[in-house]
Amino acid sequence: MTVEDRFPVGMRVLAVDDDPTCLKVLENLLRHCDYHVTTTGQAITALKLLRENKNKFDLVISDVHMPDMDGFKLLELVGLEMDLPVIMLSANSDHKAVMKGITHGACDYLLKPVRIEELKNIWQHVIRRRKIDCRDQNNAGYGDDGEKPRNGVGEGAQDSVVNGKHSKKRKDQIEEDDDDCEENGHGNEDSSTQKKPRVVWSVELHRKFVAAVNQLGIDKAVPKRILDLMNVEKLTRENVASHLQKYRLYLKRISSMANQQVNIAAAFGGKDVSYLHVGSLDALGDFHALSGSRQLAKPAFSSPQSGGVITRLNSPTGFSLSGLHSSGMIQLGHPQNSYSSVNDYGKLQLAALLGNPHRNLLPRMPPSSDLDQLRQNKPVSGTGELSPSFNDSTAFSVVPHQPTIIGGSTDGGVGSGSRSTSYLTVADSPLFLQGHQQRTVCEGSGQQSSVGMATLDTEPFDNGVGVLSHLPDHGRCNNTWQSTAPLTRYSTDPLPVGGPLNYDDLSSGDSRCQASSVNMLDVLGDINGNSKFSNFGSMANTSGQNMNMNYAPKKLEDHRLGYAQNPNVMFNSPPNSLLPNHGIVSMVNQNVNQSNAVCNRKVDMTSGGQSISGAPFHKQQSEVEKSVNNPMKLKEDYLVVHAKSQGGSNPSYCSSFDDLISQW
Amino acid sequence: MASAEITQLRRQAAYIKKSLFEQGYLDGQFLQLEELQDDTNPNFVEEVVTLFFKDSAKFIANIEAAVEKTPLDFKKLDAYMHKFKGSSSSIGALRVKNECTLFREYCQQGNGEGCLKTFQQIKKEHATLRKKLETYFQLLRQAGPYETATSSH
């Protein structure tokens with residue numbers, strides 16, 4: 001009788017918590033539930049363990065606040081790479097924190113101190129996921145065989161007492177389902193637990209996937225054809241199908257988040273960036289999705305071509321600068337930026353993966369028209385989306401632009417904190433993102449962008465100023481910008497660049513973007529005054545918004561607001577290259593999203609950033625780096641920053657940021 | 001050791017525990033920890049508590065250093081306290097946990113005075129709890145392993 005047969009007995013759990021007391025208690029509680037427990041006090045170690053053997057664990061439980069890596073980031077990475085269910089643990093019962101966990105893809109969010117009753121039920125997440133996967137495979141083209149079992153499985157185990165009875169029944173059901181799945185799907189080894197050999201969707205693989213999807217067109221992308229295009233051995237159609245499904249969901253999420261963000265941003269000034277974080281976990285998938293689904297970006301982009309992009313940026317929605325999100329879509333300037341922070345990770349990664357080579361953050365940019373325009377500007381790579389180079393390659397291939405925009409970098413760079421790479425919004429000022437960004441940024445695949453931004457800009461404001469002027473010139477960007485100018489959003493608060501806002505800010509980004517135009521001017525002033533760092537930070541903060549970019553680590557909370565402000569600044573200061581209006585904005589967004597992870601880190605310094613973005617981003621960066629050649633430094637810095645940010649201590653970030661900048 | 005003495009020790013320990021609960025120093029979480037203790041893990045609770053106090057000493061030192069600085073870095077303090085709150089809630093240190101919550105509120109308000117005052121309180125509660133638990137465990141250790149079969153309780 002295998003362990004699986006007695007499931008959930010012997011379920012292999014990996015527990016991660018830097019607090020030894022909590023970890024010990026948790027370990028014991030889990031043992032009492034008859035699970036097989038492995039513990040580690042460090043997220044990095046946890047990732048290592050998971051990577052060594054993906055099939056070694058069934059479930060991961062992780063604390064949210066950890067020094068070496070943000071729990072959310074770990075969450076994203078695990079979801080992305082290993083597709084394991086992750087449960088978050090925290091002493092923080094804040095609604096926002098829980099929401100963040102959800103948007104990052106956590107299966108569950110438990111409050112400390114954890115009770116054994118709650119732990120007795122966690123096995124359902126494993127089953128549920130298995131069922132879904134099985135279903136996905138089955139559905140890859142067909143029906144929903146998996147549906148039934150899953151539903152049945154998912155329902156259960158509400159009550160630990162009941163679980164006992166149900167679990168047996170359910171298990172039987174699962175076994176049946178598993179059998180079905182086996183028949184239908186490939187690679188289902190055990191019947192009861194349904195251990196399918198997991199396909200690891202590495203960056204490379206994901207990139208290929210996205211490229212294939214883009215080539216075919218998201219609507220026409222069918223697993224079989226994707227598989228053929230990818231031409232990867234040992235990859236089955238089912239694998240592709242399930243991945244595609246996730247990708248699509250990811251894209252949808254991004255777009256809806258963008259919309260949501262926009263709305264939210266409008267309503268609140270973009271606080272819910274975290275929402276944007278769509279499921280960063282699926283980032284890989286998402287990315288792919290994003291790339292594929294330009295559609296998402298479209299909405300944002302679709303707006304006036306040149307202006308469209310920019311407008312997007314300006315407007316909350318537009319901001320989503322998909323650039324940041326590798327998913328391309330995100331960029332839209334939606335408050336997504338905030339999202340970007342979280343998602344950006346995914347995105348960035350994605351972008352990194354995808355875009356890295358391209359660096360053109362543009363991915364987001366609406367294909368063609370806008371991009372072309374942008375191209376001209378040269379600033380942001382084409383679509384303004386800057387969305388990290390990532391876009392270029394993969395998803396966003398839509399926009400040929402690539403380019404300059406920070407595209408790749410945007411995300412990367414943006415990470416620094418203000419996703420607000422708002423550069424894009426900044427409009428025309430090509431400064432930003434474009435030229436510099438791209439290069440520098442691209443390196444990091446998004447993350448870079450932020451960094452690049454910082455470094456790039458030696459004349460933060462000058463650019464900004466130029467940007468402003470550009471704006472009118474650009475027409476595209478400008479228009480949007482100027483119109484969006486109602487900085488109202490911006491709220492004077494300095495975007496907590498470094499702060500944790502990153503994620504949140506992103507969402508607010510949308511609103512900010514708008515303001516960005518106005519703020520730009522302010523920003524310019526600020527930027528000049530501020531060190532690059534601050535700008536950068538602000539950028540980072542805004543993660544989506546770009547706004548933050550400029551702000552120096554102001555308050556984290558504020559960074560939303562500041563975000564708006566920052567964006568402007570961002571553009572100006574950092575990458576002068578930022579795409580002029582168009583590009584910039586998009587770039588910013590893109591960068592923001594992408595870079596959020598990266599930037600955030602860096603930027604976080606100011607805001608104390610988004611640990612989330614930092615950590616995962618860092619990782620992503622590495623991935624991206626491979627593809628992009630990002631200066632790894634960024635990542636490292638990022639990590640450093642990230643860690644620091646964890647505590648919400650901006651100061652630490654700042655120093656990291658400085659390091660980052662100096663690197664440049 | 002005579003069983004009467006053992007009984008006496010245990011009784012004393014039980015008394016301490018009861019008073020800790022009544023005074024709100026401990027809450028249900030502590031009981032849950034005790035439930036986790038069994039033959040395979042006979043000293044679980046003591047181990048966890050020891051670990052907690054070792055860790056918390058560090059926390060307190062960090063916070064102490066942080067509150068010395070001016071201006072106060074509320075974010076950092078908040079972060080420290082958040083972690084401290086998490087671990088104290090894990091062992092059921094109710095009073096300490098509540099003070100942590102209060103501290104964090106002051107942090108969020110930017111109230112330095114409140115923070116300092118609360119911190120002093122935290123240190124006090126923490127010290128009291130530690131002393132009492134030390135005594136508690138000492139008594140239990142003296143009483144020897146809890147033999148349910150032979151226990152007179």
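Each chain gets a letter, A, B and so on, in the order its sequence line appears, and its residues count up from 1.
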Contacting moiety of E35(B), where chain A heavy atoms sit under 4.5 Å: backbone

Side chain / backbone / both / neither for L36(B) at chain A, heavy atoms under 4.5 Å: both

Top contributor to chain A contacts, counting heavy-atom pairs under 4.5 Å, from R104(B), K54(B), H82(B): H82(B)

Greatest number of heavy atom pairs closer than 4.5 Å to chain A - which of K85(B), K97(B), E47(B): E47(B)

Positions in residues 26-38 of chain A that reach chain B, provided some heavy atom is under 4.5 Å away: N28(A), L29(A), H32(A)

If I compare all heavy atoms of [X] with all of [Y], which pair ends up nearest, and what's the gap?
X       : Y       : answer
L59(A)  : I122(A) : CD2-CD1, 3.4 Å
C22(A)  : S90(B)  : SG-OG, 2.9 Å
C100(B) : F84(B)  : SG-CD2, 3.5 Å

L129(B) CG to K132(B) NZ distance, which is reported to the nearest 0.5 Å: 9.0 Å

Point-to-point distance, once rounded to the nearest 0.5 Å, from CD of E125(B) to CZ of R95(B): 4.5 Å

Donor-acceptor pair, side chain of Q29(B) and main chain of I91(B), under 3.5 angstrom: no

ring-ring contact (aromatic ring centres under 6.0 Å, His included): pairs with one or both residues in residues 12-56 of chain B, sequence neighbours excluded: F53(B)-H126(B)

Enclosure of D39(B) CG (heavy-atom neighbours >12, cutoff 6.0 Å): no

